[in-house]
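A short worksheet on the structure shown next.
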Protein chains: 2
Amino acid sequence: MNNSSPLDRILIVLSHPSHPGNIGAAARAMKAMGLRRLVLVNPRHFPDAQADAMAAGATDVLAAAKVCASLQEALAATVFATAVTARRRELAVTPLWARDAASELVSLPGEGDVALVFGNETAGLSNEEVGLCRRWTTIPTSAAHSSLNLAQAVQVMCYELHLAAVDPGAPPKVAEAGQAANLEEVEAFLSHLERVVIGSGFLDPQIPKRLMPRMRRLFARAGLEREEINILRGMLASFEKKT
Amino acid sequence: MNNSSPLDRILIVLSHPSHPGNIGAAARAMKAMGLRRLVLVNPRHFPDAQADAMAAGATDVLAAAKVCASLQEALAATVFATAVTARRRELAVTPLWARDAASELVSLPGEGDVALVFGNETAGLSNEEVGLCRRWTTIPTSAAHSSLNLAQAVQVMCYELHLAAVDPGAPPKVAEAGQAANLEEVEAFLSHLERVVIGSGFLDPQIPKRLMPRMRRLFARAGLEREEINILRGMLASFEKKT
């Protein structure tokens with residue numbers, strides 16, 4: 001595959017999912033985050049119209065999903081797998097937080113598929129299933145209420161995988177961001193404003209208090225653009241005429 | 001409120017949600033991440049049995065949800081609001097990535113409620129609605145397919161808010177993690193192993209190749225525990241008897 005991404009080797013494995021809506025929502029979550037390889041172990045209903053509906057534009061992920069009879073079969077060709085589970089387990093392996101697991105999965109050296117394994121909505125993963133995974137991963141939640149829906153857990157993990165694999169860079173450019181005003185323009189505006197409020201009688205130059213420093217602070221925070229200054233000064237000029 | 005968290009002042013606002021299942025899933029996502037204040041602007045169906053079903057253990061969040069007739073009403077008492085939107089907008093304000101928005105929301109100085117605003121499943125937020133928010137926020141997604149389900153977007157933002165507000169600390173303790181073996185015990189085991197494989201004829205001490213360095217590397221990676229060494233040496237002793 002050209003332009004291969006570390007996400008290309010990652011399988012999202014759902015073991016014994018009961019609700020087809022969750023399968024569809026998981027596919028949608030995957031595709032939005034750049035993951036495409038869904039593996040289903042003994043899904044109760046699949047294919048299914050509800051899965052298609054919840055997948056929205058990600059029905060191609062569903063169509064390409066691999067269905068297996070057991071987790072062992074699903075993981076047979078993988079070189080690394082981590083179980084995603086909220087339950088404390090009697091396992092002598094320290095779990096990973098979601099963010100750390102994502103960064104480990106996308107930076108694993110070598111070749112071969114790697115898997116993130118999610119359990120059934122109600123029963124979770126069995127100890128035998130967790131035993132097939134080299135690590136286990138936990139999504140940080142409120143201590144009082146740690147219950148995440150299956151599709152939501154898939155969403156969080158795919159989001160973390162996406163961020164671990166793809167530097168989002170700077171936030172998207174704003175189409176209509178204007179040219180920032182320079183200091184001279186800002187100062188000319190503030191002088192204009194001061195002149196007008198003195199003219200209107202709002203500001204007494206003998207007792208100026210903190211009015212202009214506060215205006216200066218306000219417009220500094222806003223970061224004025226040239227066009228905005230033109231508008232503001234146009235307003236001020238219209239007030240001057242009136243007074 | 002005692003032990004107040006920065007999450008206590010955060011409102012999750014869903015504007016014109018069409019599908020009650022999304023309202024329930026959003027409530028569940030909120031509660032799992034320690035958020036509790038849901039505001040619904042003109043929900044198509046609410047209260048609703050499907051919302052309750054999707055909320056699972058978070059029906060208390062639904063019961064406490066505030067329903068408003070307009071976004072303006074929902075945000076009236078807030079001191080800061082950010083719109084969550086995937087669409088590029090013609091707004092002269094640079095958007096925030098989800099993670100940065102979360103850290104800004106939980107660290108805002110001063111008092112008063114702050115809001116994260118999500119739009120309708122199909123239409124998103126109107127420009128007028130976005131205009132009521134001081135900032136806008138985008139969840140990083142695949143460039144090819146940026147479509148997130150409403151409840152999934154709420155889940156990602158609540159997850160980021162949780163992490164921004166609550167240091168998850170070290171991963172959960174493993175109940176059955178044993179006592180790590182010390183170097184002397186590891187070396188005694190490796191010597192024992194070497195003795196046994198020489199005794200069995202598997203290792204020729206005249207042509208040792210890389211067998212023992214490789215075994216040393218393998219067990220170093222595993223991080224042996226004392227109890228495991230006892231078991232392994234018991235096995236070795238049983239092999240010695242046989243040979």
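Per chain, numbering begins at 1; letters A, B, ... match sequence-line order.
- Distance check, rounded to the nearest 0.5 Å: CG of L35(B) to NE2 of H145(A) gives 12.0 Å.
- The contact between A151(B) and chain A is made by backbone and side chain atoms together, counting heavy-atom distances below 4.5 Å.
- Contact record, L148(B) with A32(A): CD2-CB, 3.8 Å, taken as the closest heavy-atom pair.
- K31(A) is not listed as a side-chain neighbour of S142(B), based on a closest heavy-atom distance of 4.5 Å or more.
- In this structure, L163(B) and R99(A) have side chains that are in contact, with non-hydrogen atoms separated by less than 4.5 Å.
- Checked by atom type, the side-chain pair Y159(A)/Q155(B) shows no donor-acceptor distance below 3.5 Å.
- Environment of CZ in R226(A): crowded, with over 12 heavy atoms of neighbouring residues, nucleotides or ligands closer than 6.0 Å.
- Contacts between A25(B) and chain A at a heavy-atom distance below 4.5 Å involve backbone atoms as well as side-chain atoms.
- In terms of heavy-atom pairs under 4.5 Å with chain B, the best-connected choice from G223(A), G34(A), S147(A) is S147(A).
- Atom SG of residue C158(B) and atom CD of residue Q152(A) lie 9.5 Å apart, to the nearest 0.5 angstrom.
- Heavy-atom pairs under 4.5 Å with chain A were tallied for A98(B), G57(B), G21(B), S146(B); the largest tally goes to G57(B).
- Within the 4.5 angstrom heavy-atom criterion, only side-chain atoms of I139(B), from C-beta onward, approach chain A.
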